[in-house]
Amino acid sequence: MQINSIIPAPFYNRDVVQVARELIGKRLVRRSDAGLISGIISETEAYNGSQDLACHARAGRTARTATMYGPAGHAYIYFTYGMHWLLNVVTGEEGYPAAVLIRAILPQEGLDLISKNRTGVGREHWTDGPAKLTRALLIGKELNGINLTNSDSNLWIEAGVPIPQDNIYVSSRIGLGKTPEPWLSMPWRFRISDLAFMDKP
DNA sequence: AGCACGATTAACT
DNA sequence: GTTAATCGTGCTC
């Protein structure tokens with residue numbers, strides 16, 4: 001893939017909800033020791049500032065959430081449920097804590113590597129969850145804070161395939177537990193509703 | 001210093 | 001539909 005197709009920093013230095021919507025269809029690329037692994041982003045969620053009670057930054061700036069306060073276009077990767085790593089992209093002005101959770105991708109390159117990283121799991125479930133895709137792409141704490149707009153990084157996001165607005169399904173975020181309203185119902189989850197276009201050669 | 005819980009997953013009944 | 005796995009983080013004592 002061409003270096004010049006990497007999404008530049010200004011794309012991320014905007015409203016987190018808008019970025020979450022526009023990340024649908026972009027290509028997430030991981031360069032591992034074994035080779036390239038990539039997939040089209042098919043599901044995202046926006047987490048918007050310390051006032052958003054579903055956002056980790058609700059507790060203010062801590063060692064864990066520090067990257068969310070950093071520059072847009074960097075990766076915020078955190079550990080949860082004692083075993084899972086989740087990948088987010090920092091958005092907005094430096095100092096404002098907001099990020100987009102990458103919830104699912106559609107595998108494109110490095111299928112043999114993904115298969116290896118997801119042994120015992122059916123192809124349809126290789127990367128259809130936020131912790132599944134980080135396992136498939138070998139993403140962990142060592143990539144926390146990495147610049148996703150830098151061609152020297154081992155993780156970046158490229159221009160992918162255009163997704164029409166009417167093929168993006170909007171709903172409320174999931175897995176938020178006891179998060180109170182209105183945050184629980186904010187329409188900040190985006191996903192491709194019709195995957196038929198992927199089946200074309 | 002101790003504790004409850006989580007932006008989940010996979011394996012159950 | 002239900003639940004165990006598993007541990008860093010942030011809050012309470």
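Reminder, nothing fancy here: chain letters follow the sequence lines and each chain counts from 1. Fair warning: this is a prediction, and the values are worked out from it, not measured in the lab.
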Asks: Over how many whole Å does the gap from A/D128 atom CG to B/dT8 atom P extend?
Replies: 13 Å
Asks: Base, sugar-phosphate, or nothing: which does A/G177 touch, judged by heavy atoms less than 4.0 Å apart?
Replies: nothing
Asks: Distance between the P atoms of B/dG2 and C/dT6, in whole angstroms?
Replies: 22 Å
Asks: Reckon A/R118 touches a base, only the sugar-phosphate, or nothing at all at heavy-atom distances under 4.0 Å?
Replies: sugar-phosphate
Asks: Taking side chain as C-beta onward, heavy atoms only, is A/N13 less than 4.5 Å from A/E93?
Replies: yes
Asks: With DNA chain B as reference, determine whether A/L87 or A/G120 sits nearer its 5' end, using the nearest nucleotide of each.
Replies: A/L87
Asks: May I ask you to test the A/T91-A/F11 pair for a side-chain heavy-atom distance under 4.5 Å?
Replies: no
Asks: Would you mind classifying the nucleic acid contact of A/T179 as base, sugar-phosphate or nothing, using non-hydrogen atoms under 4.0 angstrom?
Replies: nothing
Asks: Strictly below 4.0 Å, N to O, side chains only: are A/E158 and A/R27 in salt-bridge contact?
Replies: yes
Asks: Can you measure A/R64 atom CZ to B/dA7 atom P for me and round it to whole angstrom units?
Replies: 7 Å
Asks: Regarding C/dA5, can its base be found pairing with the side chain of A/Y81 as donor and acceptor, where the two atoms are less than 3.5 Å apart?
Replies: no
Asks: Does B/dT8 have its OP1 or OP2 closer than 4.0 Å to a side-chain nitrogen or oxygen of A/T80?
Replies: no
Asks: Go through B/dT9, C/dT6, B/dG6 for me and flag the one nearest to the A/K178 side chain.
Replies: B/dG6
Asks: Mind checking which stems touch DNA chain C? I mean at least 3 consecutive Watson-Crick or G-U pairs, both distances under 3.5 Å.
Replies: B:1-6 with C:7-12, B:8-12 with C:1-5
Asks: How long is the line joining CZ of A/F79 and C1' of C/dA5, in whole Å?
Replies: 11 Å
Asks: Can you tell me how far P of B/dG6 sits from CG of A/L53, to the nearest Å?
Replies: 14 Å
Asks: Side-chain contact test, heavy atoms from C-beta onward, threshold under 4.5 Å: evaluate it for A/I139 versus A/W85 and give yes or no.
Replies: no
Asks: The side chain of A/H84 is closest to which nucleotide in this list: B/dT8, C/dC11, B/dA7?
Replies: B/dT8
Asks: Using the C1' atom as the point on both nucleotides, what is the distance between C/dG1 and B/dA7, in whole Å?
Replies: 22 Å
Asks: So, do A/L86 and A/T134 sit near enough that their side-chain heavy atoms are less than 4.5 Å apart?
Replies: no
Asks: Take the protein atom OH of A/Y78 and the nucleotide atom P of B/dT8, then report the distance between them rounded to whole Å.
Replies: 6 Å
Asks: Between B/dT9, B/dA7, C/dG10, which one does the side chain of A/Y47 approach most closely?
Replies: B/dA7
Asks: Kindly check if the number of other-residue, nucleotide or ligand heavy atoms within 6.0 Å of CD (A/E124) is above 12?
Replies: no
Asks: Is there a side-chain polar atom (N or O) of A/R58 under 4.0 Å from OP1 or OP2 of C/dT9?
Replies: no
Asks: When the distance from CD of A/E45 to P of B/dG6 is rounded to whole Å, what number comes out?
Replies: 15 Å
Asks: Counting the atoms with a prime plus P, OP1 and OP2 as sugar-phosphate, which does A/A54 contact under 4.0 Å by heavy atoms, base, sugar-phosphate, or nothing?
Replies: base
Asks: Quick one: is A/R103 getting a side-chain N or O under 4.0 Å of the B/dT8 phosphate, OP1 or OP2?
Replies: yes
Asks: Record whether the side chain of A/H56 comes under 3.5 Å of the base of B/dA7 through a donor-acceptor pair of N or O atoms.
Replies: yes
Asks: Over how many whole Å does the gap from A/L101 atom CG to B/dG6 atom C1' extend?
Replies: 13 Å
Asks: Are there more than 12 heavy atoms of other residues, nucleotides or ligands under 6.0 Å from atom CZ of A/R135?
Replies: no
Asks: For A/S38, which of A/L28, A/I157, A/V29, A/I114 qualifies under side chain to side chain contact (heavy atoms under 4.5 Å, CB included)?
Replies: A/V29
Asks: Rounding to a whole Å, what distance do you find between A/N48:CG and B/dA7:P?
Replies: 16 Å
Asks: From the list C/dG8, B/dT8, C/dG10, which nucleotide is the closest neighbour of the side chain of A/T65?
Replies: C/dG10
Asks: Using a 4.5 Å cut-off on heavy atoms from C-beta on, say whether the side chain of A/V17 contacts that of A/F190.
Replies: yes
Asks: Where each residue is assigned the nucleotide of DNA chain B containing its nearest heavy atom, which of A/L176 and A/K132 is assigned the position nearer the 5′ end?
Replies: A/L176
